[in-house]
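Take a look at the structure below.
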Amino acid sequence: MITHKIAVIAGDGIGPEVIAEGVKVLNKAAELDGTFAFQFDYFPWGCNYYLQHGRMMAEDGLQTLENYDAIFLGAVGDPKVPDHISLWDLLLVIRKHFDQYINLRPVKLLQGAPCPLKDVKREDIDMTFVRENSEGEYAGSGAWLYKDQPNEVVIQNGVFSRKGCERVIRYAFELAKKEHKTLTSISKGNALNYSMVFWDQIFKEVAAEYPEVETHAYLVDAASMFMVKDPKRFEIVVTSNLFGDILTDLGAAISGGMGLAAGANLNPERNHPSMFEPIHGSAPDIAGMGLANPLATIWSAAQMLEFFGHQEWSDKIIATIEQMLVEKKCLTPDLGGTAKTGEVGDAFAALLSR
Ligand code: NAD
Ligand code: IPM
Ligand code: MN
């Protein structure tokens, strides 16, 4: 029996509500399988912790997390704490410290999921975003000069290293090769005349090593238009940190909404724990009301199972999400249902048992 040690950071807002259902499903999969188990250790970090202790996580939080096989995160952010503090001192510091430089975000329209686009079939929206997750526009490099003076200046630098660009682009090529898919790079070399010209150059260099992979490249403005007008153009997509952030919320909008959008923050070398989370935020507008859709978190649990080598359970969970979407018997209001968060998790675990 193998035991996967998971650090759970439920976080703020709807985070604890959706994480409870993700844990429920992971435990059910382990119970049904019988060859693996989970040990969940809960850390009460987040905005309430900040309001009590003046920090988002314990002082030795990162050392503590280092001992786990994975991190399962709900959401971070509360109107009582400035977002740049809460996110930088918890979510972003974890991604960077553990070199989780790959952010894998499926954008797949499952059967039964609502889609605001006209005339699209399930197979027309079937993408995997490979978002750069360690540097770029999120490098945190800059300055705030002459604060509150008339000549005030702020500088926010984008940092694109050869190593950082190469490794994420190479990862995307390997994925495209393995899955026999096309690979699309999304950048903005016409305006960002250093960073994105460099990105495009590295994409071409790495492409030369993968003659078997069909490639495409779009400017980010056109890409966002085509994601709406002709989403079947995109299969595997590789892009920078900020573009990947924005385009995957757009991806969520065309494939069932924020309540279905999952993400894995991977350290592919497995030198450090990887982190699995829904891509949505803490949704303060619906927090504490049982309205949150837990399916995005459950999908990220499927990504965790895949990362641990339990591919069949990962596939089963995604198939069960699809079954629930088709049956429409137990869904939260964002998907047109009346079920509470916990009822969706219970129904899910029951379906998985069958
Ligand atoms: P959000 O994703 O929290 O919410 C956007 C909209 O989607 C809201 O109307 C919300 O009710 C809805 N929504 C989100 N998840 C849902 C779910 N599971 N079920 C049903 N509806 C859902 O984005 P926001 O409002 O821009 O941000 C709120 C806070 O979350 C901010 O503090 C922000 O910084 C933070 N945030 C955190 C993360 C994270 O922890 N990974 C991600 C994004 C935003
Ligand atoms: C996401 C979130 C984060 C990001 C924020 C909360 C820092 O929007 O995971 O998509 O921009 O990466
Ligand atoms: Mn985002």
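Bear in mind the structure is a predicted one, so any value in this text is a computation, not a measurement. Order of appearance sets the numbers: ligands from 1, and atoms from 1 within every ligand.
- Put simply, the side chain of I279 does not reach to within 4.5 Å of the side chain of N103, judged on heavy atoms.
- Around atom 1 (C) of ligand 2, the closest heavy atom drawn from H84, E277, H280, R105 belongs to R105.
- Cation-pi contact between R131 and Y171: absent, since separation from the ring centre below 6.0 Å together with deviation from the ring axis within 45° is not met.
- Residue-to-ligand polar distances place R131 within reach of ligand 2: an N/O pair is separated by less than 3.5 Å.
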Contact table ligand 1 N or O to protein N or O, d under 3.5 Å:
{"unit_1": "ligand 1", "atom_1": "2 (O)", "unit_2": "G281", "atom_2": "N", "d": "2.7"}
{"unit_1": "ligand 1", "atom_1": "3 (O)", "unit_2": "G281", "atom_2": "N", "d": "3.3"}
{"unit_1": "ligand 1", "atom_1": "3 (O)", "unit_2": "S282", "atom_2": "N", "d": "3.4"}
{"unit_1": "ligand 1", "atom_1": "3 (O)", "unit_2": "A283", "atom_2": "N", "d": "2.9"}
{"unit_1": "ligand 1", "atom_1": "9 (O)", "unit_2": "D285", "atom_2": "OD2", "d": "2.8"}
{"unit_1": "ligand 1", "atom_1": "11 (O)", "unit_2": "D285", "atom_2": "OD1", "d": "2.8"}
{"unit_1": "ligand 1", "atom_1": "11 (O)", "unit_2": "D285", "atom_2": "OD2", "d": "3.1"}
{"unit_1": "ligand 1", "atom_1": "18 (N)", "unit_2": "H280", "atom_2": "NE2", "d": "3.2"}
{"unit_1": "ligand 1", "atom_1": "18 (N)", "unit_2": "N293", "atom_2": "O", "d": "3.0"}
{"unit_1": "ligand 1", "atom_1": "19 (N)", "unit_2": "N293", "atom_2": "N", "d": "2.9"}
{"unit_1": "ligand 1", "atom_1": "30 (O)", "unit_2": "S282", "atom_2": "N", "d": "3.1"}
{"unit_1": "ligand 1", "atom_1": "30 (O)", "unit_2": "S282", "atom_2": "OG", "d": "3.3"}
{"unit_1": "ligand 1", "atom_1": "32 (O)", "unit_2": "D83", "atom_2": "OD1", "d": "2.6"}
{"unit_1": "ligand 1", "atom_1": "32 (O)", "unit_2": "D83", "atom_2": "OD2", "d": "3.4"}
{"unit_1": "ligand 1", "atom_1": "34 (O)", "unit_2": "D83", "atom_2": "OD1", "d": "3.4"}
{"unit_1": "ligand 1", "atom_1": "34 (O)", "unit_2": "D83", "atom_2": "OD2", "d": "3.2"}
{"unit_1": "ligand 1", "atom_1": "40 (O)", "unit_2": "V76", "atom_2": "N", "d": "2.8"}
{"unit_1": "ligand 1", "atom_1": "41 (N)", "unit_2": "E277", "atom_2": "OE1", "d": "3.2"}

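- Under a 4.0 Å criterion applied to the non-hydrogen atoms of R95, ligand 2 contributes the atoms 1 (C), 4 (C), 9 (O), 12 (O).
- Within ligand 2, counting atoms from 1 as listed, the ones closer than 4.0 Å to a heavy atom of L87 are 6 (C), 7 (C).
- With V213 as reference, L183 is the one residue of I236, V206, L183 to meet the side chain to side chain contact (heavy atoms under 4.5 Å, CB included) rule.
- Sorted by first and then second residue, the ring-ring contact (aromatic ring centres under 6.0 Å, His included) pairs involving residues 189-210 (not counting sequence neighbours) are F173-F203, F173-Y210.
- Taking F226 as the reference, Y218 meet the ring-ring contact (aromatic ring centres under 6.0 Å, His included) condition, with sequence neighbours excluded.
- Open room surrounds NZ on K121; 12 or fewer heavy atoms of other groups in view lie less than 6.0 Å from it.
- In summary, the aromatic rings of Y68 and F43 are positioned with their centroids under 6.0 Å apart.
- Checked options K340, K24, K28; the residue passing with D346 is K24 (criterion: salt bridge (Lys or Arg N to Asp or Glu O under 4.0 Å)).
- The atoms of ligand 2 that sit less than 4.0 Å from any heavy atom of Y138 are 4 (C), 11 (O), 12 (O).
- Under a cut-off of 6.0 angstrom, the local environment of NZ in K329 is sparse, with at most 12 non-hydrogen atoms contributed by other residues, nucleotides or ligands.
- With contacts defined as side-chain heavy-atom distances shorter than 4.5 Å, the pair P116/V228 does not qualify.
- Excluding waters, the set of protein N, O or S atoms lying under 2.8 Å from the Mn ion (ligand 3) comprises D245 OD1.
- Taking atom 10 (O) of ligand 2 as the reference point, the nearest protein heavy-atom neighbour is D245 OD1, 2.9 Å.
- Looking at Q303, its side chain does come within 3.5 Å of a backbone N or O of L104 through a donor-acceptor pair.
- For the pair F307 and R270, the minimum side-chain heavy-atom distance is below 4.5 Å.
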